[in-house]
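Here is the naming used below: chain letters follow the sequence lines, and residue numbers restart at 1 for every chain. Keep in mind that this is a model prediction, so the values were computed, not measured.
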Amino acid sequence: MNERHVDLEILRYDPETDEEPAFQTYRVPCQEDWVVLDAVNYVKDVLDRTLSYRWSCHMAVCGSCGMMINGEPMLSCKAFVRDMPDRIRIEPLANFPIERDLVVVTDDFMDKLASVKPYLIPREEKAIEDGAHVQTPAQLKKFKQYTLCINCTLCYAACPQYAHDQNFTGPAALALAHRYNLDSQDVGRGAREDVVASNAGIWECSFVGACSDVCPHEVDPAGAIQQTKIASTVDYFMGLLTPERDR
Amino acid sequence: MARSNKPIVWSLFAAGGTVAAFITPVMILVTGLAVAVGLLPAEALAYDRMLALVQNPLGKGLVFLAVFLPAWHAAHRLRITAHDFGIRADVAVMAVCYGLAALASVIAAFALFRV
Amino acid sequence: MSRRPYRRAVSTTSWWLARPRYIRYMAREVSCVFIGAYTAVVVVGLVRLSDGAAAWGAFLESLQAPVSVAFHLLALAFALYHTVTWFNVTPKAMPVQFGEAQLPGGVIIGAHYTGWALVSALVLFLAGV
Ligand code: FES
């Protein structure tokens, strides 16, 4: 077997004893096909049972294993050790408060997500007997990409505007708002606009584009936000032209 | 939360960014470099030709847009860049940035009106 | 078990030095300083032009100063960076879909560069190249 020894520098924080987080280094024998999560699991299983972190699926689906790996937000189950140097620095996702070790508090993200009403708001309720909602492949294609978000929050960890202003609604939530706004079955755009088109919504974004770079499923939140800016600008001027319209 | 008034400045920013992307490089090349270092004959920027350009109504309009839109683009981006460099006095920054763009636009309009 | 979430400080002034992509972003943003300054030069030129032939001649002469040439070289570099960064994100901001097919981003970007080449060639042609 091809074993390679890698030093993992893991940021540790115990709220009951530590004033502030500090790095602890573990030497881990890694297999050729290991991802960083495997190496972290080795630490937990063999070297230090006190290490706390989140993971579940080990296949880039559940979105819970995000970490800063050598400064870059990544899913640790998708980051191969063979692509990394011999020292790997592992920190909790940036821009979120640290609960313990690599576990962060994502309550703020959950609130932001709920605030954009990320669900279908149909024109009228339809009884099951009345049959299925019909949507063409072309209509589905318009928003399909934005349905792929797994809420891993890597985009929030990459976003400097969120780092400096926690009021910012942020990439994933705005991308999801865009996903429903583009859905032919949805009429909720107006209801989302109060949050989406506020100063703390799309207008806080300066199109750094880091969110889209780090997204593990190529959702492209940055693109979604720019498209929403254009649509909201059109809305704004249409609203000025027709003031009686309910804005 | 209230809907933002940013569309006003952002639409100018976006339009200005597009205009600047298309014309600013070639304008810098012609007015700032090519004639100065002799790649183009001095004739290119001769007084009579320039005067004809800005006295023609279409030329006047195009020259004004080539000043006005990039100026607003630069002003809005500068406002955000100031924030990115850690300057948090947004109201003062906004006044200076948009004020300079407005000043440049007014002076350009005045000069174009006068020729 | 007591909760005491720890928030790590982020520098408001030097955060962008942390990653190459942030430095590229800041370079893109700083291009506005040069586009703004060049626009100011154009405004000065317009004022001098409206002052008459002698003033215009003096303005042209001042453009030959080494410091002016150096400024314009730097401004050209940043203006080109602005153009490239602006065009390259157009498919993200304005995707085009025909039925089920997405127009490839390269086509949208390519159309912008083609337009740019035409506009630049036209300006150079009018300038007498
Ligand atoms: S463990 Fe589920 S995404 Fe990594």
Asker: Count the heavy atoms belonging to other residues, nucleotides or ligands that lie under 6.0 Å from CD of A/Gln135, then report whether that count exceeds 12.
Answerer: yes
Asker: Measuring from A/Asp213:CG to C/Arg21:CZ, what's the distance to the nearest 0.5 Å?
Answerer: 4.5 Å
Asker: With a 4.5 angstrom heavy-atom cut-off, could you sort out which part of C/Arg24 is near chain A: side chain, backbone, both or neither?
Answerer: neither
Asker: Where do C/Val10 and A/His164 come nearest, in terms of heavy atoms and distance?
Answerer: CG1-NE2, 3.8 Å
Asker: How long is the span from the CZ atom in C/Arg19 to the CD atom in A/Glu72, to the nearest 0.5 Å?
Answerer: 4.5 Å
Asker: What part of A/Lys142 lies closer than 4.5 angstrom to a heavy atom of chain C: side chain, backbone, both or neither?
Answerer: both
Asker: Answer with side chain, backbone, both or neither: which region of A/Asp165 has an atom nearer than 4.5 Å to a non-hydrogen atom of chain C?
Answerer: neither
Asker: Please classify the contact of A/Glu20 with chain C as side chain, backbone, both or neither, using a heavy-atom distance under 4.5 Å.
Answerer: both
Asker: Can any side-chain N or O of C/Gln97 pair as donor or acceptor with the backbone N or O of A/Ala138 at less than 3.5 Å?
Answerer: yes
Asker: Taking every heavy-atom pair that is under 4.5 Å apart, which of A/Ala210, A/Ala94, A/Gly209 has the most such pairs with chain C?
Answerer: A/Ala210
Asker: Hey, can you tell me if C/Tyr6 and A/Tyr13 have their rings parallel, tilted or perpendicular (30° and 60° cut-offs)?
Answerer: tilted
Asker: What is the minimum heavy-atom distance between C/Tyr25 and A/Ser206, and which atoms define it?
Answerer: OH-OG, 2.7 Å
Asker: Between A/Glu16 and C/Arg4, is there a side-chain N and carboxylate O pair less than 4.0 Å apart?
Answerer: no
Asker: Over all heavy atoms of both residues, which pair between C/Arg3 and A/Val105 is shortest? Give the atoms and the distance, please.
Answerer: NH2-CG2, 3.7 Å
Asker: With respect to chain C, which residue among A/Asp220, A/Ile230, A/Leu140, A/Val103 yields the maximal number of heavy-atom pairs within a distance under 4.5 Å?
Answerer: A/Asp220
Asker: With rounding to the nearest 0.5 angstrom, report the OG to NZ distance, A/Ser212 to C/Lys92.
Answerer: 4.0 Å
Asker: First locate atom CD of A/Gln139, then atom CD of C/Glu100, and finally report the distance between them rounded to the nearest 0.5 Å.
Answerer: 10.5 Å
Asker: Which bit of A/Glu91 comes within less than 4.5 Å of chain C, counting heavy atoms only: side chain, backbone, both or neither?
Answerer: side chain
Asker: Got a second to check how far C/Arg8's CZ is from A/Asn95's CG, nearest 0.5 Å?
Answerer: 10.5 Å
Asker: Side chain, backbone, both or neither: which part of C/Tyr22 has an atom under 4.5 Å from a heavy atom of chain A?
Answerer: side chain
Asker: Can you find a heavy atom in the side chain of A/Phe207 that is under 4.5 Å from one in the side chain of C/Glu29?
Answerer: no
Asker: Is C/Ser11 in contact with chain A via its backbone, its side chain, both, or neither, using a 4.5 Å heavy-atom distance?
Answerer: backbone
